[in-house]
Amino acid sequence: MTDSIPPIASAQDGTYPRPQLMRAQWSDLCGSWQFSAGRADAQPADIVFERSILVPFPPESRASGIGDPGRLDSVWYRRTFGPAELGAAGRSDAAGRVLLHFGAVDWEATVWVNGVIVARHRGGQTPFSADISHALLEGENEIVVHALDDSADVSILRGKQDWRDEPHSIWYQRTTGIWQPVWLEAVPATSVSALRWTTDIPSADVGLEIDVAGATEDDSWVHVELRHDGGLLAESRTRLLSGSCTVRLHLPRQHNGQQYEELLWSPEHPTLIDASVRVETPRGEDVVSSYVGIRSVATDGAAFLLNDRPATVRAVLAQNYWPESHLAAPSADALRREVELILELGFNTARVHQKAEDPRFLYWADRLGLMVWAETANAYAFDRRAISHLMTEWMALVERDISHPSVIAWVPLNESWGVQHIAHDDRQRAFSRSVADVTRALDGTRPVISNDGWEHTRSDILTIHDYAASPAVLTARYGDAAALDRMLDGYGPAGRKISVESDGHTKPVMLTEFGGVSLRPENGTDWGYSTAASPDEFGERVCALIRAVATAAPLSGFCYTQLTDTGQETNGLLREDRTPKIAVDKVRAAVRGDDS
């Protein structure tokens, strides 16, 4: 990129790795790197880089060029960059600081530039950056990355990564090392490092918290503009007195009650407001572009509310795992296509399961109108290390994704993973409550599901997982309010209590996992919660299950399992290559309740 003015954030092409904090110039460092596995206790000079790997694909995947499904507990990467990359990143006299960004490295990363350690980071799903200016040399520069990811450690956040040698049941091959983009940016002495957007519909206000890196000086200012369709909605000029600044922007046109909904974000009308943020200091300025969606999410008794109106969550469980590239998307376009496929099938929500997805997926959800339940990978153990890892990584993920209007709920725990004995262990219940309350403290604008599926502790929405193969059984359980109330007061279909605390259940109830029908392949293994023998039987059963749940009046929403086949788990609506097993219009009609 060469223009000095950042692109319009709501109209970007989906390649920039951090879509809500964009600069005009950046240098993509994805591509061919040198690679080596092993030598956990070595130094960069000790490593012999005997292979090449295509970053950002994990070495377990075919797309990486390595394709080693074994236990890669220690991996090393190396590449060089020079004046061309620094020029593309925008380095100049005015922008002399160079930042090295990583979207995600699983799990513990150490980064050297020219032999100098510039970053250490733990957390396999969260981004990190380093100012590498002090380590740069004239001419060619060397980056070395070492990633540690103990395949037997069940206290780190593993999600669906199998602890066994071979994938089994609902677990898949592991992901080690770099699996999201790597890029360079040059910035001035004082620069924007983070943006957090909030909206207040009744007050017609937009709030922005800005973090800056570098020294602040007298006569430093932050200038923010909000625009839509080329027209100025609001602007603010605020004195910058420290490393952070809070701005409130008032939107006068939102006082017209007959037109204020025109600017609200919803799946039907995913309106995005463009923003320009300029930090001005005596030594220069930093300009970034962003966007915000004006919308509210809340609950009212048994109703789930979007923009103060009852809304039904019609979701699909998305593993977002590709056969050739695993947890990493095969391309930026594949992230857009995943969102488009979900919408084409008639769903309005995605539950990205046991994974914090690439922010570019969230950009397309924001832009195209797909609601998202933001989840994280979980650990399997309950111990001090697991508590620390989950809390630290989850807080960083909330920070990363808090400004996306598509994110409508936070899900820190799933099916008591890592809190297996929560029903009778006070410490595990305390942890579940604590992580949910910390989430609310960080963001009081969205519901928090304390433990998706069962054994809730002070959850804002009660969720149930039920893989009954009979539509009639689902209708009996969820179509009758009295029957549902009895379940909420006791044990659910999995033999676990729906709630482990008596906090009442006058709140929305959603069936957030059901279906799971596998279409048995002609060759190979298959796994599902139930199996159909033919494509016709598969289509009939899937649509009947969806209709039974979609028409259950006591439910405020549902989530069908699942979007695509994933490895041996062949219960997707789509095959691994994203081709449909059922006519898309038939699924859409069932999801929307348009057929009989």
- Can the ring centres of His389 and Trp107 be said to be less than 6.0 Å apart? yes
- Message: Centre-to-centre under 6.0 Å for Tyr560 and Phe514, is that the case here?
- Response: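 Here the rings of Phe514 and Tyr560 have centres that are less than 6.0 Å from each other.
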Side chain to side chain, [X] and [Y], heavy atoms closer than 4.5 Å:
X      : Y      : result
Thr570 : Leu519 : no
Arg433 : Ser450 : no
Ile449 : His456 : yes
His146 : Trp112 : yes
Pro59  : Asp68  : no
Ile408 : Val313 : yes
Gln161 : Glu60  : no
Leu413 : Ser432 : yes

Tell me whether [X] contacts the main-chain N or O of [Y] through its side chain, where contact means a donor paired with an acceptor under 3.5 Å.
X      : Y      : result
Trp179 : His326 : no
Glu375 : Gln354 : yes
Lys160 : Gln319 : no
Trp76  : Arg39  : yes
Trp33  : Leu29  : yes
Ser169 : Trp171 : no

Salt-bridge contact [X]-[Y] (side-chain N to carboxylate O under 4.0 Å):
X      : Y      : answer
Asp149 : Arg174 : no
Asp358 : Arg360 : yes
Arg122 : Glu393 : no
Glu415 : Arg496 : no
Arg71  : Asp165 : yes
Glu455 : Arg429 : no
Arg158 : Asp153 : no

Measure up the [X] and [Y] rings against each other and bin them: parallel (under 30°), tilted (30 to 60°), perpendicular (over 60°).
X      : Y      : answer
Tyr321 : Tyr172 : tilted
Phe382 : Phe431 : tilted
Phe102 : Phe128 : parallel

- How many angstroms lie between atom CG of Leu390 and atom OG of Ser155, to the nearest 0.5 angstrom? 11.5 Å
- Take atom CD of Glu166 as the centre, draw a 6.0 Å sphere, and report whether it contains more than 12 heavy atoms from other residues, nucleotides or ligands. no
- Task: Please collect all ring pair (Phe, Tyr, Trp, His ring centres under 6.0 Å) contacts where either partner lies in residues 330-361, sequence neighbours excluded, each pair once.
- Result: none
- Message: Go through it in stages, so that I can follow the logic: the residues are Asn451 and Ser459, the test is side chain to side chain donor-acceptor pair (under 3.5 Å), and I'd like the CA-CA distance, side-chain angles, deciding distance and then a yes or no.
- Response: CA-CA 8 Å; Asn451 183 21; Ser459 186; over 6 Å; no
